[in-house]
Amino acid sequence: MDIEALKQHEISGAIAISAGAGGLPRLVITTPFSTAELYLHGAHVTGFQKTGEPRLLFLSAASQFAAGKPIRGGVPICFPWFGPRVGGPAHGFARLTDWHLAATSAAPDGRVSVRLRLPEAAGFPGKVEYLVTVGATLTMELQVTNTTGATLEFEECLHTYFSVGDIATVVARGLKGLKYLDKVGGLKLKEETDKAIHFTGEVDRVYLNTPQPVIIEDGKLHRTIRVEKTGSNSTVVWNPWVTKSKAMADFGDEEYHRMVCVESGNVGQNQVALAPGEFSTLKVTLSSQIG
Ligand code: BG6
């Protein structure tokens with residue numbers, strides 16, 4: 001990608017575009033409330049940090065930044081499928097595709113927005129756009145329009161990696177009473193009995209029919225994170241723990257202590273089906289507070 005040509009989308013004091021890790025085009029976004037980073041590779045938000053707070057998103061020190069490889073951390077976009085697929089890349093091709101930078105803008109209230117488009121050549125037969133708005137909160141909207149003459153089915157997930165002080169002090173709230181598929185226990189359907197989910201081993205759960213927000217409490221950082229969403233009926237909670245961490249080449253053996261994924265989307269039986277002309281928006285807003 002021609003970084004010089006992308007610079008037409010720069011906004012003085014708000015958006016700077018340059019070669020990031022691996023030489024990939026990166027937007028550095030600065031607002032009166034926060035900073036953020038976004039790669040066109042995967043339309044991947046790799047960083048968000050509110051002024052006066054530690055960074056909100058985890059990014060692995062072992063992540064690759066290369067064509068054809070997903071970035072480990074931040075917010076990978078899983079689309080148009082979630083999880084493994086025979087004959088296709090895990091979590092779909094969107095996170096491996098270089099997205100088109102369609103527009104940038106800075107609002108009078110200080111928020112800064114970036115709009116990206118999945119190129120047609122990626123192979124999805126509808127229109128897919130991603131709107132990222134950076135302010136005191138981080139909002140991400142995956143907008144899909146069925147421009148075909150037939151029903152369009154897909155899965156989608158904003159696979160958000162949160163940075164935490166120590167996973168031993170973290171709990172996730174808001175999922176009690178909900179059904180989930182336990183990927184650790186061989187995809188058994190279970191019901192969440194805990195008000196506060198603790199992390200003491202590998203956790204890999206797909207909660208179904210869950211439009212509710214999730215709260216992450218981080219005891220070490222004294223931080224509360226709120227994951228608010230609309231247009232999403234699935235929540236995935238993931239921490240790879242010891243064995244899986246060691247098995248992932250692009251993830252440090254000890255990094256599981258400092259991250260947790262709470263992912264918002266529509267997967268499995270919650271997948272989206274759009275009639276011709278219909279559109280859907282998966283919208284996630286992340287906010288946080290210390291103390
Ligand atoms: C989670 C899945 O969403 O993503 C896990 O539930 C998976 O099963 C994890 O291991 C990471 O996937 P990947 O493809 O980025 O290694």
Side-chain angles (χ1 to χ4, degrees), residues 21-22 39 41-46 57-97 140 142 154-164 167 170 172 175 178-190 192 197 199 201-210 214 216 227 229 232-271 282 284 286:
Y39 280 77
H41 180 62
H44 202 124
V45 176
T46 52
L57 300 177
F58 166 87
L59 180 64
S60 172
S63 178
Q64 307 187 73
F65 286 85
K69 308 280 184 200
I71 296 169
R72 175 73 66 195
V75 190
I77 300 177
C78 304
F79 182 89
W81 60 83
F82 177 82
R85 169 144 320 182
V86 179
H91 289 328
F93 47 76
R95 65 176 178 165
L96 305 175
T97 302
M140 298 162 288
L142 187 64
F154 55 88
E155 293 176 291
E156 56 185 351
C157 193
L158 299 180
H159 189 310
T160 312
Y161 287 74
F162 292 97
S163 175
V164 299
I167 192 68
V170 170
L175 298 165
L178 298 170
K179 296 266 189 317
Y180 68 92
L181 285 170
D182 193 349
K183 287 178 139 180
V184 174
L187 272 187
K188 286 205 188 87
L189 186 64
K190 299 183 178 173
E192 185 57 70
I197 300 165
F199 297 84
E202 184 185 356
V203 172
D204 192 355
R205 301 176 183 176
V206 180
Y207 291 86
L208 300 164
N209 307 318
T210 62
V214 176
I216 303 166
V227 183
K229 57 189 192 150
S232 161
N233 282 315
S234 313
T235 300
V236 181
V237 180
W238 183 58
N239 182 291
W241 218 251
V242 179
T243 310
K244 201 154 185 187
S245 294
K246 288 187 177 153
M248 291 190 289
D250 60 348
F251 189 84
D253 291 357
E254 301 296 327
E255 286 187 319
Y256 73 92
H257 291 292
R258 292 184 283 111
M259 57 72 69
V260 67
C261 286
V262 173
E263 314 165 27
S264 305
N266 293 294
V267 310
Q269 67 178 58
N270 293 139
Q271 76 167 352
L282 161 61
V284 179
L286 309 179

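Ligands are counted one by one from 1 in listed order, and the atoms in each one are counted from 1 as well. Model, not experiment: these values are computed from the prediction. Side chains are part of it too, since the values below use all heavy atoms of this structure and drop only hydrogens, waters and symmetry mates.
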Ring geometry between His257 and Trp241 (parallel below 30°, tilted from 30 to 60°, perpendicular above 60°): tilted

Side chain of Glu155, backbone of Gly268: donor and acceptor closer than 3.5 Å? yes

Identity and distance of the protein heavy atom lying nearest atom 6 (O) of ligand 1: Asp204 OD1, 2.6 Å

Closest to atom 11 (C) of ligand 1 among protein heavy atoms sits Trp238 CH2, 3.6 Å

Please identify which atoms of ligand 1 are closer than 4.0 Å to at least one heavy atom of Phe82. 3 (O), 6 (O)

Looking only at non-hydrogen atoms, the one of Lys244, Arg72, Glu202, Arg205 nearest atom 13 (P) of ligand 1 is Arg72

Quick one: nearest non-hydrogen protein atom to atom 12 (O) of ligand 1, plus distance? His91 NE2, 3.3 Å

Ion pair check, Glu192 and Arg205, cut-off under 4.0 Å: yes

Minimal non-hydrogen separation, Tyr256 against Pro240, with atom names: CB-CG, 4.3 Å

Do ligand 1 and His159 have nitrogen or oxygen atoms that lie under 3.5 Å from each other? yes

Looking only at heavy atoms, which two atoms of Leu282 and Ser232 are closest? And how far apart? CD1-CB, 3.5 Å

For Thr210 and Thr235, which I'm curious about, is there any donor-acceptor pair between the side chains at under 3.5 Å? yes

Nearest non-hydrogen atom to atom 14 (O) of ligand 1 belongs to which of Arg95, Glu263, Lys183? Arg95

